[in-house]
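Reading through the structure tokens given below for one structure.
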Amino acid sequence: MGNHFSWKRIGLFVLACLSSVSSSFGGVTNPNISVLGTTVVELSEAADDTDSGRPRLRFDEAEFVFDDYLNPFAKGVFIAALSEEGAELEEAYFEIVRGLPAGLGLRAGKYRLDFGRLNSVHPHFYNFPDRPRVLEALLPGEESMNDVGVTLSHLFAAPGGIASTLSLTVVSGSTFRSEDAASEESRLGWTGRWRNFIPIGHRSAVEVGMSAGEGVSDPVGKLRTRLFGLDLKAKLWTSTNSNLTLLGEWIDRRQDRVEIGVSVEESSGGYAAIEYAWTRRTYTGLKAERLESDDDAIPREARLGFYGGSAILEESTVLRAMIERVVLQGSSAYNRYLLQAVFSMGPHKPHQF
Amino acid sequence: MKKQYNTLLMIGSMTSLLLLAVQVEGKVRVVASIPDLASIAAYIGTERIDAATIARGSDDPHTVELLPSHMLKVARSDIYLKVGLGLDQWADGIIDGSRNGRLVVVDCSQGIETLEKSAGRVSAEMGDVHPFGNPHYWLDPSRGAQVAATIASALAKVDPPGGEHYFIRLAAFQEETDRRKVEWQRQLLSTPSLQLLTYHQSWVYLAAAFNLEIVGVVEPYPGIPPTASHLEKLIDLVTTNKVGLLLQEPFYPADAGRFLARRAGMRILIASPSCGGISPDDYFDHIDQIVGGIAGDVR
């Protein structure tokens with residue numbers, strides 16, 4: 001787990017957030033407060049799993065979200081997660097949303113980095129019940145690429161009615177630092193993303209993105225990690241409440257490693273999903289993944305999953321399920337079964353329909 | 001040297017053309033959350049403004065996706081018209097995403113006397129309740145005229161030379177509202193019963209404006225789909241009261257309505273609370289169509 005904090009610290013942090021707003025600005029309402037809980041039932045048939053064939057019930061985490069305007073020009077967001085493993089400050093940042101020259105946006109603090117399609121999105125927003133294995137294996141960081149940084153972004157009109165967004169982030173580099181690094185020190189890194197939103201009619205659209213990033217995985221050995229990603233999402237509405245979505249992401253990672261001299265370890269992989277929303281609150285989909293790597297710690301693998309989800313009555317509670325076939329190089333194939341329930345209080349919902 | 005001079009000349013010409021284009025266009029650019037507000041703005045602003053909308057008539061105004069194309073539209077605008085009262089909370093994401101620092105955001109619910117305002121504590125136990133009142137106020141033409149006044153004032157502030165024009169158009173809007181209201185009331189007078197069932201609580205202002213009685217709502221709580229037991233209760237209710245019409249939005253599931261139509265012999269009038277889409281694009285024509293539908297169907 002990344003940065004851990006004690007329960008007492010988290011409690012103090014929550015109290016500080018609330019008291020600073022209510023006491024120093026009498027008459028101004030508190031920030032928006034949301035709490036989300038995620039419960040998962042997992043059954044894996046993997047031969048090397050000690051619980052193979054037995055269902056495991058676990059509470060993933062409770063996520064506390066505080067967000068609101070800081071002033072007419074900026075917003076602030078605090079997200080803390082409590083789980084059985086401890087408490088963690090997931091994100092804490094402010095964002096200048098207006099007032100900067102040339103329509104620029106600026107974000108600073110600790111947050112999920114804008115790299116690829118899903119990294120900046122919290123997993124409870126995903127339509128599948130867990131994070132794609134490709135992202136878990138190839139992107140640095142425990143649960144996501146999450147770091148202290150400063151992002152400058154710009155939205156502009158490109159020819160053909162395309163809405164284009166460019167973002168560049170300078171990070172402290174801790175997310176790039178390898179667990180095996182000889183030093184706890186971090187060196188500055190960067191990520192960048194260019195996304196193009198191409199509207200097709202009123203609601204349908206295709207979005208194509210390109211991401212890149214670079215950071216130091218071991219400051220002592222001066223080893224670097226370079227990332228490149230391509231992503232695509234197409235959402236095509238077939239009726240008022242039904243749509244077909246195609247989603248995919250491909251990532252290439254080149255990581256320096258020390259052998260006799262420094263060589264480059266190449267890993268790449270991607271996932272692709274096709275999904276149909278039958279109604280406003282019910283969908284099913286098929287997801288395929290492929291991962292290849294020179295790194296012995298990341299075995300070559302392929303996955304095929306069938307998933308679905310539905311909101312119970314309305315958006316505050318969502319049930320998701322997935323059956324996945326996992327084929328690992330040099331090992332027998334096995335199945336995984338996942339059932340996830342996400343429930344929420346407040347304006348931040350498990351999913352935006 | 002000559003090459004540099006040519007480049008400078010080209011940049012200069014392009015800048016002049018751009019400035020000329022802005023001057024020639026010279027319109028106040030207005031974006032509204034829903035088409036009704038855009039239609040009212042277009043009535044007030046006529047050729048002095050360019051009015052566009054984010055949601056369309058066939059969309060559910062409660063849930064609109066935050067698309068970059070919407071943000072770009074707002075980035076180029078002068079005024080944003082919000083419904084307010086918590087209906088279009090999504091608009092804040094679009095406005096913030098636009099990074100438009102000179103945008104004037106107008107909450108069109110200001111000064112509106114709201115219905116169904118919660119008196120006590122509001123909780124999700126009550127469904128998707130709007131604590132400051134039901135937000136579908138534009139469906140009452142008199143409240144629509146109040147919205148027109150709010151928009152006229154905003155336009156006059158952003159475009160002072162057009163101030164007189166906007167207030168002349170506002171007077172015309174108020175006059176047309178009064179004239180049309182008399183026609184609509186006359187149209188509904190000839191109907192033997194003014195009782196109806198609605199799917200969602202979108203129609204309370206329309207009902208208040210025309211003395212219609214909403215005897216029941218298909219959703220047991222706002223935003224919550226009906227249960228079988230709730231539908232059974234509704235069948236008893238409509239049978240006892242001899243209610244003949246269900247007024248339903250096009251974006252809600254049709255199965256409950258079809259069930260009620262089959263079991264209780266009700267007619268279903270599919271009408272959007274907003275103009276555009278399956279409805280006429282004009283605010284007055286849209287209400288005209290709904291009133292016509294009710295007058296023709298309520299028995």
Side-chain angles (χ1 to χ4, degrees), chain A residues 32 67-69 72-75 95-106 153-158 161-165 195-205 207 209 235 237 239-241 243 278-282 311-317 343-347 349 352-353, chain B residues 35 52-60 62-76 80 86 89-90 92-103 105 123-125 127-129 131 219-227 249-255 270 272 276-278:
Chain A
N32 301 311
D67 65 316
D68 211 338
Y69 288 93
F73 305 96
K75 292 175 90 167
E95 192 166 18
I96 299 176
V97 294
R98 59 182 71 89
L100 289 178
L104 289 169
L106 186 135
S153 62
H154 184 49
L155 169 74
F156 60 97
I162 298 172
S164 208
T165 310
R195 51 191 279 226
N196 295 284
F197 181 88
I198 307 151
I200 304 170
H202 169 48
R203 293 167 81 194
S204 298
E207 195 169 357
K235 193 168 189 177
W237 288 87
S239 74
T240 310
N241 291 319
N243 63 69
W278 301 93
T279 67
R280 191 195 294 210
R281 293 170 177 140
T282 307
I312 304 167
L313 298 177
E314 41 71 63
E315 283 74 18
S316 67
T317 308
F343 53 97
S344 74
M345 287 181 280
K349 301 290 181 199
Q352 288 174 327
F353 286 86
Chain B
T53 178
I54 298 292
R56 300 268 175 102
S58 50
D59 295 342
D60 180 354
H62 301 83
T63 51
V64 171
E65 279 188 278
L66 308 184
L67 304 180
S69 51
H70 294 154
M71 294 170 191
L72 209 53
K73 197 186 272 186
V74 176
R76 301 174 186 138
Y80 190 93
Q89 287 177 22
W90 43 265
D92 294 337
I94 294 172
I95 292 166
D96 290 345
S98 76
R99 312 280 187 232
N100 185 345
R102 56 180 177 76
L103 186 74
V105 180
S123 146
E125 190 187 16
D128 185 18
V129 173
E219 289 179 336
Y221 303 96
I224 305 292
T227 58
E249 299 79 352
F251 39 80
Y252 288 124
D255 45 358
I270 301 290
S272 173
I278 60 165

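Heavy-atom basis, side chains included; hydrogens, waters and symmetry copies ignored. Chain identifiers are assigned alphabetically (A, B, ...) following the order of the sequence lines, protein sequences preceding nucleic acid strands; residue numbering begins at 1 within each chain. No experiment lies behind these values; they were computed from the predicted model shown.
- Under the 4.0 Å criterion applied to side-chain N and carboxylate O atoms, A:R281 and A:E314 are not assigned as salt-bridge partners.
- Neither the backbone nor the side chain of A:L100 has a heavy atom closer than 4.5 Å to any heavy atom of chain B.
- Remark: the backbone N or O of A:A102 is paired with a side-chain donor or acceptor of A:H154 at under 3.5 angstrom.
- Contact count against chain B (heavy-atom pairs under 4.5 Å) is highest for A:G105 among A:S164, A:G105, A:P72, A:P199.
- For B:D60, the part sitting under 4.5 Å from any heavy atom of chain A is the side chain, from C-beta outward, and nothing else.
- Residue B:I95 touches chain A through both its backbone and its side chain, counting heavy-atom pairs closer than 4.5 Å.
- In this structure, chain B has no heavy atom under 4.5 Å from any part of A:F73.
- Of the residues considered (A:S153, A:G99, A:G161, A:A157), A:A157 shows the highest number of contacts with chain B, using heavy-atom pairs under 4.5 Å.
- Using a 4.0 Å cut-off between charged nitrogen and carboxylate oxygen, A:R203 and B:E65 do not count as a salt-bridge pair.
- Classification of A:D67 and A:K75 as a salt-bridged pair fails, no side-chain N sitting under 4.0 Å from a carboxylate O.
- Surrounding CD of B:Q89 are at most 12 heavy atoms belonging to other residues, nucleotides or ligands under 6.0 Å away.
- Using a distance-only test at 3.5 Å, with no hydrogens or angles considered, a donor-acceptor pair links the side chain of B:S272 to the main chain of B:G57.
- Remark: side-chain polar atoms of B:R99 are not paired, donor with acceptor, to backbone N or O of B:M71 under 3.5 angstrom.
- Highest contact tally toward chain A, considering only B:G101, B:P68, B:A75, B:S58, is held by B:P68 [criterion: heavy-atom pairs under 4.5 Å].
- Heavy atoms closer than 4.5 Å to chain B are found nowhere in A:I198, neither backbone nor side chain.
- Residue B:R76 touches chain A through its side chain alone, counting heavy-atom pairs closer than 4.5 Å.
- For chain A, the nearby part of B:N100 is the backbone; its heavy atoms alone come within less than 4.5 Å.
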